[in-house]
Number of protein chains: 2
Amino acid sequence: MLVQTLAQEISQLEANLCSAFADPTRILILYALNEQPRNVTELTIDLGATQPTISRHLKILRDHELVNTARQGVSITYSLADPRLIQALDLLRAVLHDNLTSKANLVIDIKS
Amino acid sequence: MLVQTLAQEISQLEANLCSAFADPTRILILYALNEQPRNVTELTIDLGATQPTISRHLKILRDHELVNTARQGVSITYSLADPRLIQALDLLRAVLHDNLTSKANLVIDIKS
DNA sequence: CTTTTATATTCAAATAATCAAATATGCGTG
DNA sequence: CACGCATATTTGATTATTTGAATATAAAAG
C-alpha cells in the first residue's frame, strides 16, 4: 500500500506490537519479568528453553521496546518496560477464560 | 513440544489470541465494530479493502470468537464479542503513544 | 427455478516468522 | 592477553500468513 491513512498507519503499528505478543515463549517471558527482573540465564532456567531461543525472543521484545535491559557485570538483567503490557495481557486472558468457561458449560448442557 | 506445563498451555492460547490481533486490517475491523455493528459490505466500504479480504479477516476473528454474527436476510451483521478486547487494544495503543512521544522528545533534545 | 445481491472460500504466489545448531561477541579475572 | 562464562547473532530449512483473482454458496425476490 503506497498511501496510508492515519488510522491505517496507527493500526499497522498496533498490529506490529501485537505480533510481538503472538508467541507463547514471549508471553511467558513478559509474565516472568513482571514478577521480577531476571537475567538471560535465569529466564533460560525458569522457562526451560535454550539460551539462544530466549535471546532471540528477548531481541524481539527489545526491538518492540517492551523490555528494558541493565548490564550488571557479565550478566544482563531484563525488566518489563511498562506494567500496562501485563494489564493488556491479563484482559485477554480474562476473555480467554470466559470463552473457555462458556464452552465448558456447553459440554455440561449436552451431557444432561 | 510433546508435554506442556499448564503455564505453557495457557501462554499458547494467549499467543494464539494475540496473533488474531497481529494484522492492521483486523485491528481496524475491531475498532469499527466497537463503534457500531456493521455488515460485510459496510466494513468493505469503511475500510477500503476488497470484500474477500474483509471476509477472510472476519473468518479469523470468528474462529477466535472475537466477533459475533447475526444474519439479517441476505446480509450478516458483525459485532464485537467483548468490550475488553478494545480495552486491551487501547492499553497497547497508550503504550505505543508514550514510546513515540519519548522518541519525539529525543529528537528535540538532539536538536538543542 | 432463475436471477440478484451478500458473503464465503479456494488457489497460487509472495512474504514473513519460527526453530535448532553453530558460531560470535563482550566482559571480568587471573 | 588469554581464558571462561554470559549473552547475542547468523544460517538454513521449515512452516505460516497474507493477498488478489477467481469462484462458490446462500438467501430473497420475482
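This one's a predicted model, so the numbers in the text were calculated from it and none came from an experiment. Keep in mind that the numbers below use all heavy atoms, side chains included, and drop hydrogens, waters and symmetry copies. So you know, we letter chains A, B, ... as the sequences are listed, proteins then strands, and number each from 1.
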Review point. Contact class for B/Ser75 vs. all strands (heavy atom < 4.0 Å): base, sugar-phosphate, or nothing?
Key: sugar-phosphate
Would A/Phe21 end up clustered with B/Leu89 when hydrophobic side chains under 4.5 Å apart are linked, directly or stepwise? no
Sequence neighbours excluded, the answer for side chain to side chain donor-acceptor pair (under 3.5 Å) partners of A/Gln51 is A/Ser55
Quiz prompt | Pair A/Arg26 + B/Glu14, salt bridge at N-O below 4.0 Å | solution = no
inquiry  = I'd like to know if the side chain of B/His64 reaches the main chain of B/Asn16, judged simply by a donor and an acceptor atom lying under 3.5 Å from each other, with no hydrogens or angles considered.
reply    = yes
Protein-nucleic acid N or O pairs under 3.5 Å, nucleotides 13-16 of chain D:
none

* Where do B/Ile45 and B/Glu42 land on the side-chain contact (heavy atoms from CB on, under 4.5 Å) test, with the steps shown first? -> CA-CA 5 Å; B/Ile45 293 167; B/Glu42 288 165 343; 5.8 Å; no
Could you list all N or O pairs between the protein and nucleotides 18-28 of chain C that sit under 3.5 Å apart?
| from | atom 1 | to | atom 2 | distance (Å) |
| --- | --- | --- | --- | --- |
| C/dT18 | OP1 | A/Arg26 | NH2 | 3.2 |
| C/dC19 | OP2 | A/Arg56 | NH1 | 3.4 |
| C/dC19 | OP2 | A/His57 | NE2 | 3.1 |
| C/dA20 | OP2 | A/Thr53 | OG1 | 3.1 |

query = Got a donor-acceptor contact below 3.5 angstrom from the B/Ser75 side chain to the B/Arg71 backbone?
reply = no
* To do: Measure from the side-chain N and O atoms of A/Thr53 to the backbone N and O of A/Ala49, and report whether any donor-acceptor pair falls under 3.5 Å.
  => no
Is the positively charged end of A/Arg62 above the ring of A/Tyr78, judged by distance under 6.0 angstrom from the centroid and angle within 45° of the axis? no
Think A/Thr41 has a side-chain N or O under 4.0 angstrom from the OP1 or OP2 of D/dT7? yes
- Below 4.0 Å: OP1/OP2 of D/dT9 and any side-chain N or O of A/Arg62: yes
Worksheet item: Taking only N and O in the side chain of A/Tyr78, is any of them less than 4.0 Å away from OP1 or OP2 of D/dA8?
Response: yes
Rounded to whole Å, the CD-C1' distance (A/Gln12 to C/dT15) equals 13 Å
